[in-house]
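This report refers to the structure that appears directly beneath it.
Just follow the structure's listing: the first ligand is 1, and inside any ligand the first atom is 1. Values reported hereafter were calculated over all heavy atoms of this structure, with side chains retained and with hydrogens, waters and symmetry mates removed.
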Amino acid sequence: VRSHYADVIASNGEILGGVVVYHDMTREEIADRLKTELMATASHELRTPMTSIRGFVDMLMLGTFGEVSATQREPLRVIKNNVVRLVVLIDELLDMSRVEAGEARLRREELDLAEVLRDVIAVLTSQFREREIELHVDFQEGLPHVVADRQRIEQIAVNLIGNACKYTPRGGTVWIGMHNGNGELRVDVRDTGVGISEEAKSHIFTPFYRADNPLRDEVGGTGLGLSITQRLVELHGGRIWFESEVNAGSTFSFVLPIKPEDA
Ligand code: ADP
């Protein structure tokens with residue numbers, strides 16, 4: 001049981017008594033909270049030593065402690081790659097636990113979503129060029145604004161557009177569309193990628209789940225991106241879903257409520 005206490009104070013300042021509010025937590029809620037706290041503490045504690053290891057590996061590779069021989073170079077590269085993977089995993093775990101704890105308090109401001117998405121697309125352009133994937137953007141003109149957290153919206157967009165690029169074979173196409181649909185802003189990210197099998201579909205938003213597909217090992221990932229993305233969309237009062245067919249492609253869509261005065 002979680003409890004909160006407050007004094008009951010009369011208008012002359014005299015304390016008349018107290019009120020205790022008991023909040024009955026189920027075993028499940030308690031277990032959930034412990035799990036979230038454990039995850040937050042563990043990932044935070046892991047971050048510091050990893051940062052140190054990463055720093056020293058970088059210095060070793062740069063020859064700070066003496067010349068690196070040809071035979072030493074390869075194992076150092078492997079260590080470095082794995083350290084980077086761990087740092088990404090720890091950062092995502094930390095972010096996940098913050099979002100889970102509802103600690104990802106949103107810093108809401110009025111945003112032009114088209115502008116935010118264009119910025120994200122600009123950053124990802126080189127990734128698309130590298131994989132020779134054609135990118136089409138089709139935004140409806142004069143869209144109303146949303147009240148949202150810019151950094152979190154960028155994170156949602158990077159995850160969905162990044163995935164479309166990752167899970168689409170070389171030479172494919174990705175479309176990013178946005179329009180006003182029934183008082184909500186709707187964003188669609190469609191790709192001609194590997195798609196998602198029927199049996200994988202129900203697990204796509206589950207933390208750590210990575211569906212079996214021909215690109216899984218090549219592109220790498222933690223399987224945390226979409227579960228964080230889903231929670232972030234929901235924290236904004238929106239919804240996210242997808243449609244997909246194996247070897248044909250996927251469309252991930254989300255909606256956000258339009259700023260009330262503009263709706
Ligand atoms: P990951 O780090 O593995 O990319 P995500 O949480 O972003 O993790 O996505 C979970 C899984 O959903 C991916 O591993 C992949 O199997 C599948 N997936 C996500 N986006 C797409 C997409 N556009 N096309 C096909 N599969 C996708």
Which residue and heavy atom of the protein sit nearest [atom], plus the separation:
{"atom": "atom 5 (P) of ligand 1", "answer": "L226 N, 3.6 Å"}
{"atom": "atom 7 (O) of ligand 1", "answer": "N163 ND2, 2.9 Å"}
{"atom": "atom 11 (C) of ligand 1", "answer": "Y209 O, 3.7 Å"}
{"atom": "atom 8 (O) of ligand 1", "answer": "G223 CA, 3.2 Å"}
{"atom": "atom 3 (O) of ligand 1", "answer": "R210 NE, 2.5 Å"}
{"atom": "atom 17 (C) of ligand 1", "answer": "I204 CD1, 3.7 Å"}
{"atom": "atom 21 (C) of ligand 1", "answer": "Y167 CD1, 3.6 Å"}

Can [X] be said to touch ligand 1, with heavy atoms closer than 4.0 Å?
{"X": "G193", "value": "no"}
{"X": "F252", "value": "yes"}
{"X": "K166", "value": "yes"}

Q | Salt bridge flag under 4.0 Å for residues E29 and R33 | A | no

Q | Residue portion contacting ligand 1 (non-hydrogen atoms closer than 4.0 Å) for I196 | A | side chain

**Q.** Part of T229 within contact of ligand 1 (heavy atoms, under 4.0 Å)
**A.** neither

Within-cut-off N or O pair, [X] and ligand 1, under 3.5 Å:
{"X": "G225", "result": "yes"}
{"X": "D191", "result": "yes"}
{"X": "A211", "result": "yes"}

(Q) Heavy-atom count check: over 12 atoms from other residues, nucleotides or ligands less than 6.0 Å from R54 CZ? (A) no

Q: Of all the heavy-atom pairs spanning G162 and L124, show the shortest one and how long it is.
A: N-CD1, 4.1 Å

Q) Do the side-chain N and O atoms of D188 and S253 include a donor-acceptor pair separated by under 3.5 angstrom? A) yes

